[in-house]
Amino acid sequence: MKKVLASFLVLIILGLGGFAGYKVISKKDVQTTSEPTNVKQEKEVETIKLKNDVETEMNTATDKVWEFSFYKPLASSTITSENIYVIDQDGNRVDAGVQLSGDQKTILVNPPNGGYATGSYYEVHFKNQISYTTGERVEKPHQLNFSTDREEAEEIKLNPKLKVIDNKNIISASSTRVEVSKDINETVEVGDILVLKTSNNPQGQAVKVTSTDSEASKYTLGVEAPNFFELFDILNINKTYSLTDDNFKPEPGVKSQAITSIEPQTQIAASNSSEKKYEYKNKTFDMDVEKSGIELEIENLKLGKSKAKLSGELNLYTPKVDVDIDVKLTGIKKVEFATTAKTDAHLLVTNSSKGAEKLTTKELVQEIQSSNKGKGSFEKKLGSFAVPLPTAGLFIEGDVVLQGQIDYKGRIKYEVKFKQTTKKGIIYKDKKINKINSNTGKLESEFTGIGSAGFAIGPKMSFSLSAFKIVGAGVDTSVKAKADGKVVSGIMSKNNLKFLCGNAETNLVGNGNLVLGIDGFGKKRKKLVDWKIAEATFLKKNFEFGECEKTISVKANPVKLQMKAGETQNLKVDEEYFDVKNFETKRRTFNTNGLKVNFNQTGVATMSKNKTNIAVSAKEQPKAKSTTMGLTVTKGNLKGDKLSVPILVTNYNEILKQKEKEEREKEEKEEQEANNQEKWAGVWTRDINTDWADIEVIKQKGDTFKLSINSMHTDNAEAARGGYINIGEVKGTAKVDGNVATQITDEIGSGCMVKLTNHQSYIQVEYITDCSSIGGVYFDGKYKKGDIPMPDWWKEETSENTPEDSDEGLQDEDLEGSEEPATEEVPEEDTQGIITCEQAEQGVKEFLSLPADTDLSVVCDGDIGGGTYFVRVYKYVTDDPDNPNGYNKYYGNYHVDSKTGEVTEALE
């Protein structure tokens, strides 16, 4: 027992102490003294929740074959690379082989060809798709994490630019300010890292200079904590360090001795629970017999100011610290810092425990009510350790602390046995971080006496890697055994009935911290990144014995529900029960987990439950006016009893009327949309010879439609005959409000937006934004209803058909008085070609060998006469500082024969 107890205490101390190095550097700033004080490292704190059931294996061979055993044969068809796979740190799948053993009870995961990469991190994943030959699925998915080993190394070179200042040259120092004598015979500059050595700190404290003030005989320096990795030119470590009796220093009054050979206690499942089937059993994680460690003993340790006492034994098997760091002054390749600790314990909390025998009901109640009450807590440091590395000032340090709490009433005795393995750590590689947090364990407990109690007790261990009091990485790991229980045992003299009732719960919980001091990691430069692992239960045992409460009756509250559609009301079930512990009839809300709920009429209401009430919601569109909710008791001694709760939707008739109204409004809306379609659909034309344009309403939906406005401009017949016509386009979506449609999207990014007013016989177009930069054309004006072909007045050189002679002013007048075109009809020339305008565009793209994803616009402007298409090639430019509104930059114009498809360059 002494050996076991000793180990447990060590674990506790380590857990509560926090990071040894971190504590040193976290003291508050003090005034200038004759001795340099420790410089505070900044930190970023983040609380995280990590899975604590993911096993993690360190220092794995690169050719490792993983074996996972099951309790009965597996279906080979489910053992596939889709259900079982390995991923690396970047989340990429590794080509690992998966196979099933001959007896079909073991899955083997083989390494890829050439093995895993050295010094890397991997995860083995098992999907929840694996089945047994019986067809039953494996209970849940599984995950195993592991890091591979590399060649052992311990190469350490300090930064040659470190400047060591001896005690004799240190005038004064605080956490932010240092004064040193100029007798040091070298200058001190901003950015220098100094190692201050004093009689109290011969290894030295590292500080980084942030400001300097040179006086006649001294330097006055502003300082801060440097980053850990700035202290080294080369830091290449791959080694496992062990906490042993040689490097452990117990606190005064703490007994400890080395374990030479001891077998851990065998723990079994609670006597009232059946043995569970095993899945994914991996021999790597069995708690094997350990050969070394530290043993501690606990005897009547008082829990704070309470009358409860703790006794027992604890074994701390040699904890291991895995360090894998590859750092140069120029950069960090990898940092791995992880710990593994195993503990077993046998602990006993007592408070004058004795049973109640042959008591009357009144005597039993008095015994419980008048018994001892108490709360207590304690924290006791058991010791610390330091493992020096082969460079001055570089250590793996830590603390061991035992902690516990209790809150009790009555006279109780609680005995718990447990053993656990915990692994925690952090891996930083290629600017990615993986966090390790796995806990496994076994426990059993026994609770006797009269009363109730809760307690928690366990070890906390802290490890850190520090140089000159600057922390680079650390792990804080804590495990507690928690217990809560109530018990009453004895004989009632009234009917000589022996009774026993009670319940208890025992948990193993784990938490801790992970610390990393990577310079330049995200925005946390020169700061310790401190991840606080939230406490989580990784093993739980529940015990219920006897019958402590008996239900007398249950009743719905309220007994009926009346609500409007969409309304929610809460319903509770009141319970009357007999409390054996206090021999009283009591009332409370019945736990709805013990109720089954159904409705005799579907489509009227729904329900949801929490522990204390049932939320009943009437549907927004109920199918009937009423329904009945049935409640059936599924737990306790009234199992099978039923309750009925009528539910009435009070505004059901109004809902029907509203539904009819909505259907009418829907029909009216559809009719309005059809009218809009007829009102806007089609082509509208601005029939001006020199500035012809058309609007095409392409697709209409609801109160929006797609529009396309194409406009041309030419006032020079000779230039037009040469193929030079200014053309511009507006394209987007417009939203309709009455007879006005406002453009809301710009699909070609031209920056031009317009408003359209529908006067039935014509549409008036106005600008919303500046459109002057588009191709030398304009888009505003009046557009008559109908598709009027674009004129080709420039084809004949006649003086009377020039822009100066066109009566443009009359056209607006004609639009208002008539829907007929104001210009004379010109006989159309037969320009029907064999190819289309779109085919002409494709021909130009092929002629220029343009790629499919070209950012150039290739636009066919139609037949310019004589069976010839005119095609423009341009790009809309927006990044020209001289033209902030953007413009079309032309790359060439081309003619395409509509019959032969021949492409020729249009002469300027």
Side-chain angles (χ1 to χ4, degrees), residues 566 620-621 655-687 692-712 727-771 773-775 777-790 815 819 836-839 841-842 852-853 855 857-862 876 878 886 888:
E620 294 285 352
Q621 299 292 330
I655 293 295
L656 291 181
K657 292 179 181 178
Q658 179 64 26
K659 188 175 181 179
E660 292 172 358
K661 179 182 177 183
E662 290 174 355
E663 290 177 353
R664 287 196 305 271
E665 291 175 347
K666 182 180 178 182
E667 292 175 356
E668 292 172 357
K669 183 178 180 181
E670 290 174 350
E671 182 178 354
Q672 179 62 39
E673 290 178 356
N675 292 337
N676 281 339
Q677 178 76 19
E678 182 178 353
K679 182 177 180 180
W680 291 94
V683 179
W684 306 73
T685 308
R686 187 181 66 193
D687 187 22
W692 181 92
D694 71 353
I695 304 171
E696 184 179 1
V697 177
I698 303 169
K699 184 179 181 181
Q700 190 162 351
K701 183 177 180 181
D703 61 352
T704 64
F705 61 74
K706 296 279 188 180
L707 66 89
S708 175
I709 305 179
N710 295 287
S711 178
M712 57 81 71
I727 297 176
E729 182 182 16
V730 172
K731 198 170 184 179
T733 302
K735 185 172 184 179
V736 179
D737 183 9
N739 69 330
V740 176
T742 305
Q743 187 179 352
I744 57 176
T745 68
D746 177 10
E747 292 186 4
I748 60 176
S750 66
C752 179
M753 304 281 277
V754 299
K755 180 179 77 172
L756 295 79
T757 304
N758 191 321
H759 296 281
Q760 296 187 359
S761 63
Y762 70 93
I763 288 176
Q764 181 72 40
V765 177
E766 302 173 69
Y767 292 133
I768 300 175
T769 61
D770 183 13
C771 300
S773 63
I774 303 181
V777 302
Y778 69 94
F779 302 96
D780 57 341
K782 296 181 179 179
Y783 291 71
K784 293 184 291 184
K785 188 175 184 64
D787 184 6
I788 302 174
M790 182 173 65
L815 283 171
E819 293 187 18
T836 65
C837 207
E838 288 77 7
Q839 290 172 325
E841 293 174 349
Q842 183 60 34
D853 59 348
D855 58 353
S857 297
V858 180
V859 180
C860 174
D861 292 329
Y876 187 70
T878 60
N888 287 332

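Atom set for the values below is all heavy atoms of this structure, side chains included, hydrogens, waters and symmetry mates excluded. Nothing here was measured: the structure is a model prediction, and the numbers come from that model.
Between atom CG of residue Asp746 and atom NZ of residue Lys731 there is a gap of 11.5 Å, rounded to the nearest 0.5 Å. To the nearest 0.5 Å, atom OH of residue Tyr876 and atom OG of residue Ser750 are 5.5 Å apart. Here the straight-line distance linking atom CZ of Arg664 with atom NZ of Lys661 works out to 8.0 Å at 0.5 Å rounding. Note that the OG1 atom of Thr757 and the NZ atom of Lys782 stand 11.5 Å from one another [nearest 0.5 Å]. Here CD of Gln621 is found 8.5 Å from CG of Leu656. Values are rounded to the nearest 0.5 Å. To the nearest 0.5 Å, atoms CG (Asn739) and CD (Gln760) are separated by 9.0 Å.
Contact record, Ile698 with Ser708: CD1-CB, 3.8 Å, taken as the closest heavy-atom pair. Closest approach of Glu729 to Asn710, counting heavy atoms only: CG-OD1, 3.6 Å. Of all heavy-atom pairs spanning Gly682 and Trp684, the tightest one is O-CD1, 4.0 Å.
With a 4.5 Å cut-off on side-chain heavy atoms, Cys860 and Glu838 do not count as touching. Contact check for Arg686 versus Ser711: side-chain heavy atoms found under the 4.5 Å cut-off. Contact check for Ile768 versus Thr742: side-chain heavy atoms found under the 4.5 Å cut-off. Between Ile695 and Ile763 the shortest side-chain heavy-atom distance falls below 4.5 Å. At least one side-chain heavy atom of Phe779 sits less than 4.5 Å from a side-chain heavy atom of Ile774.
At most 12 heavy atoms of other shown residues, nucleotides or ligands fall within 6.0 angstrom of atom NZ in Lys755. By the neighbour-count criterion of 12 heavy atoms within 6.0 Å, atom CG of Asp855 is densely surrounded, having more than that number from other residues, nucleotides or ligands.
With sequence neighbours excluded, the residues that form a salt bridge (Lys or Arg N to Asp or Glu O under 4.0 Å) with Asp861 are Arg872. With sequence neighbours excluded, the residues satisfying ring-ring contact (aromatic ring centres under 6.0 Å, His included) with Phe705 are Trp680. Every residue was checked against the salt bridge (Lys or Arg N to Asp or Glu O under 4.0 Å) condition with Glu696, not counting sequence neighbours, and none meets it.
Of the possible polar contacts, none joining the Glu660 side chain to the Lys657 backbone as a donor-acceptor pair under 3.5 Å is found. Counting only distance, with no hydrogens or angles, the side chain of Thr745 and the backbone of Thr733 share a donor-acceptor pair below 3.5 Å.
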*Could you walk me through whether Ile709 and Tyr783 pass the side chain to side chain contact (heavy atoms under 4.5 Å, CB included) test, one step at a time?*
CA-CA 11 Å; Ile709 305 179; Tyr783 291 71; 3.8 Å; yes

*Verdict with reasoning, Asn758 to Val736, per side chain to side chain contact (heavy atoms under 4.5 Å, CB included)*: CA-CA 10 Å; Asn758 191 321; Val736 179; over 6 Å; no

_Steps toward side chain to side chain contact (heavy atoms under 4.5 Å, CB included) verdict (Trp692, Thr685)_ = CA-CA 8 Å; Trp692 181 92; Thr685 308; 3.3 Å; yes

*asked:* Could you go through Thr704 and Lys735, starting from their C-alpha distance and side-chain angles, then the distance that decides it, and tell me whether this counts as side chain to side chain contact (heavy atoms under 4.5 Å, CB included)?
replied: CA-CA 4 Å; Thr704 64; Lys735 185 172 184 179; 4.3 Å; yes

